Amino acid sequence: MVAIAPFRALRFDAGRIDLATATCPPHDCISTAQRDAFIAADAHNIAGVVLPPDAPGDAEAPATPNKFQRAAALLDSWQKDESLARDARPAFFLYAITSGPPEARHTMHALFARVRLDPTYTEIRRHEKTLKRKKQERLHLRGATNTDTEPIWLLYRDERGWVEEILRSNAFDEVARLTDEEGHEHRVWRIDRPEAVAEVTAQFDDRGLVIADGHHRYQTALDHHAATGRPEHGSILACLVRDNDPGVRIEATHRLVHGLSFAFPEALRLAQSAWDATPLALAAGPAETQARTLAAALGAPGTQQCILLGQSPTGRLEAHVLRPRGGPVPAGPRGRLDTLAVTLLHERLLAACWGLDLEHPEEHLRFTRSTLEAVQAVASGACQFAVLPAPEPVSAVLEVAQQGHVMPQKATYFVPKLRSGLVLGPLDEAPPVPWTEQAGDPSKFKWRMPGLD
């Protein structure tokens, strides 16, 4: 049973600190150069905590000195000068992000809460595999700061929209508003009316959750709790979003292939054993124009196709739209997972046609979400060729997870991205308890919002 709880957040004082310059995108969405630019623009930027810079003489944590201790000291200094302050009362927070071009703006609504960890991955499910890379940095940062410095992103199903209705009808106290460097508007309201807190808490007793973004941080939190055994470490700061929220979408992540023994013409020939290939005209001209052509040809979410991009023997860029030979692939023993473009790409192209080891795909793959970067990488020879899959629909994520399966690595990139630094969660509060346990005998509980059909 899922358990969520309000919490006493750490937040920048919006009266003293410019939230637009003190916050930043998630740590794994910015480069070190971008991190340095954020910090140079504002010494209070949270990037100095979530992606702390290295320094000469640093030791490997937990030995001293190290960058994680500096991140903790920075957080402490901000609290001492009161630029970062702890809320006096526990609260939930309604979070709204409005993004998109002027002619097509959409708003995503979400809930900031603490969520009880589930080491069995049955109440909180993952939806994709993770790359075999170190999680130690996130572990050391959580241990040094004793704080969740960024939320993970969880999806829940609520067809009627009860949770959002409760939150929006109780959003009286706006505590943050900013427009970021990409023109996205972020707004946060505190929800602390006892009746509203109880209603929201009760809504999640019978809802499963799926990790949209933050798989590594979630596992890190599990590892941290297992290592310390402290009850207050048994929850995680999360941003909960309804799966059919009109402001949410998934962007495709493209594969840049390198280190194979054959060039593009042979890759195309091998692919045609399992895929029908249709040439896609790429006009000569700027890479930006070619990237727009590729993006337009990717297809709608859920389309079972991908684009293979490479260089001909004469050095000209070539693109081919690949579709499964024999027509659309139906659901198989693994249900929805068998129908996804990213599954077909990994299993029927990377592995079956080109011989890649799917347990270690990073040995021959790099990843980018930018069609422009894919064009530039192929044209410059930074990679041998690129594969651009169609994006997946958000509904597929919940369906695959609920069926007990996981997508390949880097299958999804959820947008809009949450803003780091709006709300931080100290790890010193009692773990969340399901509402039915708080209320006692459910038969004596007089009111509850209707559940799902």
Side-chain angles (χ1 to χ4, degrees), residues 29 98-106 108 182-184 245-257 264-265 267-268 271-272 274-312 314-325 327-329 339-346 348-350 365-380 382-397 407-408 410-417:
C29 295
T98 301
S99 62
E103 68 278 7
R105 300 283 276 180
H106 296 283
M108 180 188 84
E182 295 184 7
H184 301 169
D245 188 294
V248 179
R249 69 186 190 280
I250 292 175
E251 293 182 353
T253 300
H254 311 311
R255 276 65 177 154
L256 307 180
V257 186
F264 174 70
L268 177 61
Q272 288 174 307
W275 300 76
D276 292 323
T278 304
L280 176 64
L282 287 179
E288 289 81 2
T289 300
Q290 296 172 326
R292 285 194 292 269
T293 299
L294 292 170
L298 280 178
T303 305
Q304 290 184 344
Q305 66 181 37
C306 56
I307 296 173
L308 177 58
L309 177 68
Q311 286 195 52
S312 71
T314 62
R316 180 174 56 86
L317 277 185
E318 281 189 19
H320 296 262
V321 179
L322 302 183
R323 299 181 180 89
R325 178 154 290 179
V329 177
T339 71
L340 302 181
V342 69
T343 304
L344 300 174
L345 183 161
H346 271 243
R348 296 193 179 196
L349 182 63
L350 299 182
L365 298 180
R366 291 188 292 109
F367 302 90
T368 179
R369 295 172 299 278
S370 167
T371 52
L372 176 59
E373 185 177 336
V375 169
Q376 293 171 331
V378 172
S380 67
C383 70
Q384 291 174 285
F385 34 89
V387 187
L388 290 66
E392 304 298 350
V394 177
S395 61
V397 172
M407 298 179 182
K410 297 290 184 180
T412 59
Y413 183 77
F414 281 83
V415 291
K417 285 301 178 186

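In this chain, numbering begins with 1 at the start of the sequence shown. Everything quoted here is computed from the prediction, not taken from an experiment. Both backbone and side-chain heavy atoms feed into the values below; hydrogens, waters and symmetry mates do not.
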When rounded to the nearest 0.5 angstrom, what is the spacing between [atom1] in [X] and [atom2] in [Y]?
| X | Y | atom1 | atom2 | value |
| --- | --- | --- | --- | --- |
| Asp245 | Met108 | CG | CE | 6.5 Å |
| Leu345 | Cys306 | CG | SG | 5.0 Å |
| Leu256 | Phe385 | CG | CZ | 11.0 Å |
| Ile307 | Leu282 | CD1 | CG | 8.5 Å |
| Thr371 | Leu309 | OG1 | CG | 10.0 Å |
| Leu340 | Met407 | CG | CE | 5.0 Å |

So, for [X] and [Y], which heavy atoms are closest and what is the spacing to 0.1 Å?
| X | Y | result |
| --- | --- | --- |
| Pro389 | Leu298 | O-CD2, 3.6 Å |
| Ala341 | Ala390 | CB-O, 4.2 Å |
| Gly183 | Arg105 | O-NH2, 3.3 Å |
| Leu349 | Leu322 | CD2-CD1, 4.1 Å |
| Gly302 | Pro393 | N-CD, 3.5 Å |
| Ala386 | Ala374 | CB-CB, 4.3 Å |

Taking the side chain as every heavy atom from C-beta outward, state whether [X] and [Y] have any atom pair closer than 4.5 Å.
| X | Y | value |
| --- | --- | --- |
| Val387 | His254 | no |
| Pro301 | Ile250 | no |
| His184 | Thr98 | no |

Would you check if the side chain of [X] reaches a backbone N or O of [Y] as a donor-acceptor pair within less than 3.5 Å?
| X | Y | result |
| --- | --- | --- |
| Glu251 | Arg369 | no |
| Arg366 | Arg255 | no |
| Gln305 | Ala297 | yes |
| Thr293 | Thr289 | yes |
| Trp275 | Arg348 | yes |
| Thr412 | Phe414 | no |
| Gln290 | Ala283 | yes |
| Gln376 | Ala287 | no |

**Asked** Going through the distances and angles, do Leu344 and Val329 end up as a side-chain contact (heavy atoms from CB on, under 4.5 Å)?
**Response** CA-CA 9 Å; Leu344 300 174; Val329 177; 4.0 Å; yes

**Request:** Apply side-chain hydrogen bond (donor to acceptor under 3.5 Å, both in side chains) to Gln311 and list each qualifying residue two or more places apart in sequence or on a separate chain.
**Result:** none

**Request:** With sequence neighbours left out, write down each residue that passes side-chain hydrogen bond (donor to acceptor under 3.5 Å, both in side chains) with Ser312, or none if nothing qualifies.
**Result:** Thr314

**Request:** Tell me, with the steps shown, if Val378 and Phe264 meet side-chain contact (heavy atoms from CB on, under 4.5 Å).
**Result:** CA-CA 10 Å; Val378 172; Phe264 174 70; over 6 Å; no

**Audit row: Cys383, Val257, side-chain contact (heavy atoms from CB on, under 4.5 Å) steps and yes/no** = CA-CA 6 Å; Cys383 70; Val257 186; 5.9 Å; no

**Request:** I would like to know whether Arg323 and Asp276 meet salt bridge (Lys or Arg N to Asp or Glu O under 4.0 Å); could you show each step before the answer?
**Result:** CA-CA 5 Å; Arg323 299 181 180 89; Asp276 292 323; over 6 Å; no

**Asked** Which residue pairs pass the salt bridge (charged side-chain N to carboxylate O under 4.0 Å, His left out) test when at least one of the two sits in residues 299-308, sequence neighbours left out?
**Response** none

**Request:** Take Leu280 and His320 through the side-chain contact (heavy atoms from CB on, under 4.5 Å) test and state the conclusion after the steps.
**Result:** CA-CA 5 Å; Leu280 176 64; His320 296 262; over 6 Å; no

